[in-house]
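See below for the structure under consideration.
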Amino acid sequence: MKPLRVFAALTTLGIAAMSHAATTPVLVIHGGSGVVRRDLNPARENEVRAALARALQSGYAQLKAGKPALDGVTAALTVLEDDPNFNAGKGAVFTHDGRNELDAAIMDGDTLRAGAIAGVHRVKNPILLARAVLEKSEHVMLVGDGAEAFAREAGVTLVDPSYFRTEQRWQQLQRALKEDRDGKPHSDVETAKHFGTVGAVALDAQGHLAAGTSTGGMTDKRWGRVGDSPIIGAGTYANADCAVSGTGWGEFYIRTVAAHAICMRVSLMHVPLERAAAEVINQEIPAMGGNGGAIALDARGHIAMPFNTDGMYRGWIGGDGVAHVAIYDDEGNAAADLAPVEHSRQ
Ligand code: ASP
C-alpha cells in the first residue's frame with residue numbers, strides 16, 4: 001500500500017479566550033477531505049471558498065443570536081447541502097446503480113440526543129431530516145423508504161431524485177464504472193480521493209456543543225453501503241466536552257469509532273483535544289490503511305482540524321465574526337490566521 005502522507009495539519013486554535021469560555025460561540029465546518037491540488041481549477045476553488053464562508057456566516061448568525069449549537073450546525077450544513085460543489089444534498093455522488101443515496105446525522109452534546117438517516121433518495125436536506133428524527137421521533141436512526149415516510153409526516157421537504165444530479169458527478173460515476181469493467185482500481189482523483197462530505201461542530205453561548213455530518217457517501221457504492229457519517233460515534237459525535245465530524249474513508253471511521261474515540265480521550269482521559277484528534281486521525285486510521293480528516297471542538301472553544309490527505313475543505317469562525325476558510329495543508333493553520341481572532345478578544 002502506498003504510504004500515506006501525514007501532514008502536521010493539526011491545529012488547536014484556541015479561538016475562545018479562556019475568560020470567554022463557553023460564552024463566545026464558535027463554529028467549525030468541513031467540506032470533505034482528500035483534495036488534490038491539481039484537481040481544483042481557480043473558478044471552482046473560489047466557489048468552494050465562497051460557499052464555506054457563506055455556511056460559516058449562516059451558522060454563526062444563529063449562534064450569535066443565542067440559538068443552540070444544533071441550530072448553528074443545521075444552518076451551516078443546509079447551505080453546503082444546497083451547494084453542488086459538495087458531496088451532500090445537491091451534487092452528491094452517484095451509486096453504482098446511478099442514484100443519489102444520502103446519509104446524515106446530528107447530535108446534541110448537552111443532552112446526548114441524536115438523529116440519523118441513511119439511504120434516502122428524495123430528501124432535499126438530509127440534515128433537516130436527521131434533526132427531525134432527533135426532535136420528533138423516539139428513535140435515533142431511520143433508513144430508506146421508512147425514513148422518507150417519516151420525512152413526509154414531519155414536514156421535511158422531499159424532491160424528485162433528479163434534483164440531486166450534477167453532470168460532473170454523473171461523469172465521475174461513468175469513469176468509475178469503466179474502471180470496474182476494466183477490472184482496474186478507481187484511479188480518478190475525485191472518485192478515489194475527493195470525498196466531499198460536509199460537517200459542522202458548534203459551541204453555543206450556553207457552552208453547549210453539537211455536531212452534524214451529511215454525505216452522499218462514496219461514488220459507485222453498492223448494496224446499500226452506508227459509511228461513517230450517519231453512524232453516531234463513527235463520523236458524528238458530541239457530548240458535553242467535545243464535538244466531532246469526520247470525513248474520509250468511512251469504513252475505517254466505523255471500525256475505529258473515530259468521533260467517539262476522540263471525545264472519550266478528551267472526556268475520560270483528559271487528553272487535550274489536539275492530541276486526541278491527532279491520535280485517531282493521523283495515527284490509528286492511517287495505521288489501518290484508511291485516510292481522511294475531522295473537525296473537532298471542545299467546550300472551551302479549542303479547535304482541531306487534522307487530516308492526512310492533501311487537503312480538507314474547512315472553515316472556522318469565532319468571536320470576531322470573521323469567516324476563516326482553508327483548503328490545503330499549508331494554509332489556515334498558521335499563527336497569522338489565529339492572531340486576529342485572539343487579538344479581537346483581548
Ligand atoms: N466518510 C464518508 C463515507 O464514507 C465519505 C466522506 O467523508 O466524504 O461515506
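Throughout, numbering of the chain's residues begins at 1 and tracks the sequence.
In this structure, Asn100 contributes its side chain and Ala92 its backbone to a donor-acceptor pair below 3.5 Å. Distance alone, capped at 3.5 Å, is enough to place a donor-acceptor pair between the Thr236 side chain and the Ser229 backbone. A distance-only check finds a donor-acceptor pair linking the side chain of Asn41 to the backbone of Ala43 [under 3.5 Å]. Between the side chain of Lys221 and the main chain of Glu101, a donor-acceptor pair closer than 3.5 Å is present. Not one N or O on the side chain of Asn125 forms a donor-acceptor pair closer than 3.5 Å with the backbone of Ile127. Not one N or O on the side chain of Glu284 forms a donor-acceptor pair closer than 3.5 Å with the backbone of Thr256. Judged by distance alone, the side chain of Asn87 and the main-chain N or O of Gly216 form a donor-acceptor pair under 3.5 Å. Asn239 places a side-chain N or O within 3.5 Å of a backbone atom of Cys242 that can act as its donor or acceptor partner. Under a 3.5 Å cut-off, the side chain of Tyr60 and the backbone N or O of Gly318 do form a donor-acceptor pair.
Under the 4.5 Å side-chain contact rule for hydrophobic residues, Leu63 and Met107 do not share a cluster. Both Tyr328 and Tyr313 belong to a common hydrophobic cluster when Ile, Leu, Val, Met, Phe, Trp and Tyr are linked at side-chain heavy-atom distances under 4.5 angstrom. Note on Val226 and Val257: separate hydrophobic clusters, where clusters join Ile, Leu, Val, Met, Phe, Trp and Tyr whose side-chain heavy atoms are under 4.5 Å apart, directly or indirectly. If you chain together hydrophobic residues whose side chains sit under 4.5 Å apart, Met264 and Ile285 never meet in one group. Residues Ile231 and Ile295 fall into different hydrophobic clusters, defined by Ile, Leu, Val, Met, Phe, Trp and Tyr side chains chained together at heavy-atom separations under 4.5 Å.
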| said: Quick one, Thr95 with Asp97, criterion side chain to side chain donor-acceptor pair (under 3.5 Å). Give me CA distance, side-chain angles, the key distance, then yes/no. | reply: CA-CA 5 Å; Thr95 65; Asp97 300 330; 4.9 Å; no
| said: Set out, in order, the CA-CA distance, both residues' side-chain angles and the distance that settles side chain to side chain contact (heavy atoms under 4.5 Å, CB included) for Ser214 and Leu80, then state yes or no. | reply: CA-CA 9 Å; Ser214 180; Leu80 298 176; over 6 Å; no
| field | Verdict with reasoning, Gln172 to Arg175, per side chain to side chain donor-acceptor pair (under 3.5 Å) | value | CA-CA 5 Å; Gln172 192 178 321; Arg175 290 194 292 275; 5.2 Å; no
| request: Please report the C-alpha distance between Phe86 and Val79 in whole Å, then the side-chain angles of each, then the deciding distance to 0.1 Å, and finally whether the side chain to side chain contact (heavy atoms under 4.5 Å, CB included) criterion is met. | output: CA-CA 10 Å; Phe86 302 94; Val79 170; over 6 Å; no
| side chain to side chain contact (heavy atoms under 4.5 Å, CB included) between Val140 and Ile232, intermediate numbers included | CA-CA 9 Å; Val140 170; Ile232 295 300; 4.2 Å; yes
| request: Could you walk me through whether Glu251 and Arg255 pass salt bridge (charged side-chain N to carboxylate O under 4.0 Å, His left out), step by step? | output: CA-CA 6 Å; Glu251 280 68 10; Arg255 290 166 61 199; over 6 Å; no
| query | Between Thr197 and Thr247, does a side chain to side chain donor-acceptor pair (under 3.5 Å) hold up when you go through it step by step? | reply | CA-CA 6 Å; Thr197 290; Thr247 169; 4.5 Å; no
| said: Assess the residue pair Phe252 and Asp228 against the criterion (side chain to side chain contact (heavy atoms under 4.5 Å, CB included)); give the C-alpha distance rounded to whole Å, side-chain angles, the decisive distance to 0.1 Å, and a yes or no. | reply: CA-CA 8 Å; Phe252 292 90; Asp228 60 309; over 6 Å; no
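A search for salt bridge (charged side-chain N to carboxylate O under 4.0 Å, His left out) contacts involving Arg54 returns Asp83, not counting sequence neighbours. Take His139 and apply the side-chain hydrogen bond (donor to acceptor under 3.5 Å, both in side chains) test, not counting sequence neighbours, and it matches no residue. Taking Lys124 as the reference, Asp82 meet the salt bridge (charged side-chain N to carboxylate O under 4.0 Å, His left out) condition, with sequence neighbours excluded. Partners of Thr111 under the side-chain hydrogen bond (donor to acceptor under 3.5 Å, both in side chains) rule, at least two apart in sequence or in another chain, are Asp108.
At least one side-chain heavy atom of Leu209 sits less than 4.5 Å from a side-chain heavy atom of Leu203. For the pair Asp329 and Thr309, the minimum side-chain heavy-atom distance is 4.5 Å or more. Using a 4.5 Å heavy-atom cutoff, the side chains of Asn291 and Phe307 are not in contact. Side-chain atoms of Val198 and Ile29, non-hydrogen and from C-beta on, never get closer than 4.5 Å to each other. Here the side chains of Arg314 and Val28 are not in contact, with every heavy-atom distance at 4.5 Å or above. No side-chain heavy atom of Lys90 sits less than 4.5 Å from a side-chain heavy atom of Val159. Put simply, the side chain of Glu179 does not reach to within 4.5 Å of the side chain of Asp220, judged on heavy atoms. The shortest distance between side-chain heavy atoms of Leu112 and Tyr237 falls below 4.5 Å.
Nearest approach of Ala296 to Val244, heavy atoms of both residues: CB-CG2, 3.9 Å. In terms of heavy atoms, Ala243 sits closest to Cys263 at N-SG, 4.1 Å. Pairing each heavy atom of Ile303 with each of Met305, the nearest pair is CG2-CG, 3.6 Å. Residues Gly293 and Ser33 approach most closely at N-OG, 3.7 Å, considering heavy atoms. Among all heavy-atom pairs drawn from Gln283 and Pro286, the shortest one is O-CD, 3.4 Å. What you find for Gly91 and Thr166 is that their closest heavy atoms are CA-CG2, 3.7 Å.
Between the CZ atom in Arg300 and the CG atom in Asp241 there is a gap of 11.0 Å [rounded to 0.5 Å].
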Quiz: residues 141-158 side-chain donor-acceptor pairs under 3.5 angstrom, not counting sequence neighbours:
unit_1	atom_1	unit_2	atom_2	d
Glu148	OE2	His121	N	2.5
Glu148	OE2	Arg122	N	3.0

With a 3.5 Å cut-off and sequence neighbours excluded, list the donor-acceptor pairs that the side chains of residues 64-73 form with protein atoms.
unit_1	atom_1	unit_2	atom_2	d
Asp71	OD1	Arg131	NH1	2.9
Asp71	OD1	Arg131	NH2	2.8

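Classified by interplanar angle (parallel below 30°, tilted 30° to 60°, perpendicular above 60°), the ring pair His324/Trp316 is parallel.
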